[in-house]
Amino acid sequence: MDKNYKEIWGKKAKDFLVGKRIVDVYYHTDKQNEEIFGDWDYGSNVRIVFDDGHWITASKDDEGNGSGVIFTTDPNLSVIPTVL
């Protein structure tokens, strides 16, 4: 594996995310879950939608094998859970 792996992917993530404005956040519909995760039925998680139409969501792994949770630094919302 390339020893600059974190730098390379860090730059890609930074270029994609920095400067975007969040315009919507909602839990996926069943149809959206199926489109993203296939037949996995482990609940739904949030989609974070940006002002340019792009969005992000959590997955339990990089193959898209089910919904994942998002951890935060907010003491009142330390985790945004997967819901059934």
Side-chain angles (χ1 to χ4, degrees):
M1 184 179 296
D2 190 327
K3 60 185 166 185
N4 295 321
Y5 188 74
K6 286 183 181 179
E7 289 178 28
I8 291 167
W9 282 102
K11 180 175 180 353
K12 288 182 181 196
K14 186 174 185 175
D15 289 348
F16 177 70
L17 292 168
V18 171
K20 291 188 188 292
R21 188 173 65 88
I22 296 171
V23 296
D24 200 4
V25 175
Y26 60 90
Y27 277 85
H28 293 133
T29 65
D30 289 343
K31 182 179 180 188
Q32 289 169 328
N33 261 351
E34 188 174 326
E35 290 170 351
I36 298 166
F37 303 118
D39 290 335
W40 294 95
D41 188 21
Y42 294 111
S44 182
N45 61 323
V46 296
R47 177 180 290 207
I48 300 169
V49 183
F50 300 110
D51 56 347
D52 63 0
H54 288 285
W55 53 267
I56 60 174
T57 195
S59 174
K60 63 174 54 178
D61 61 28
D62 57 358
E63 294 177 344
N65 291 319
S67 296
V69 302
I70 299 173
F71 290 93
T72 81
T73 55
D74 184 335
N76 297 311
L77 182 67
S78 60
V79 67
I80 301 171
T82 298
V83 296
L84 298 176

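For S67 (side chain) and S59 (main-chain N/O), no donor-acceptor pair under 3.5 Å exists by modelled atom type. The closest donor-acceptor contact from the side chain of N33 to the backbone of G43 lies under 3.5 Å. A donor-acceptor pair under 3.5 Å is absent between the side-chain atoms of E7 and the main chain of N4, judged by distance alone.
Taking the side-chain hydrogen bond (donor to acceptor under 3.5 Å, both in side chains) definition, one finds that E35 meets it with nothing, sequence neighbours left out. Checked against side-chain hydrogen bond (donor to acceptor under 3.5 Å, both in side chains), D30 has no partners two or more places apart in sequence or in another chain. Every side-chain contact (heavy atoms from CB on, under 4.5 Å) that A58 has, sequence neighbours left out, goes to N45, I70. Here T82 pairs with nothing under the side-chain hydrogen bond (donor to acceptor under 3.5 Å, both in side chains) rule; sequence neighbours left out. With sequence neighbours excluded, no residue forms a side-chain hydrogen bond (donor to acceptor under 3.5 Å, both in side chains) with D62. For Y26, the ring-ring contact (aromatic ring centres under 6.0 Å, His included) test picks out no residue, with sequence neighbours left out.
Y27 has its side chain within reach of P81: a pair of non-hydrogen atoms, C-beta onward, lies under 4.5 Å apart.
Between atom CD1 of residue I22 and atom CD1 of residue I48 there is a gap of 5.5 Å, rounded to the nearest 0.5 Å. Here the NE2 atom belonging to H54 is positioned 10.5 Å from the CG atom belonging to L17, to the nearest 0.5 angstrom. Taking CD of E63 as the reference point, atom CG of D61 lies at 5.0 Å (rounded to 0.5 Å).
Nearest heavy atom pair, residue W55 against residue F16, reads O-CZ, 4.5 Å. Taking each heavy atom of T57 and H28 in turn, the nearest pair found is OG1-CE1, 2.8 Å.
Two different hydrophobic clusters hold I36 and F50 under the rule that ILVMFWY side chains link at heavy-atom gaps under 4.5 Å.
Each of T72, V69, D74 was evaluated against I80; a single residue qualifies, T72, per the side-chain contact (heavy atoms from CB on, under 4.5 Å) test.
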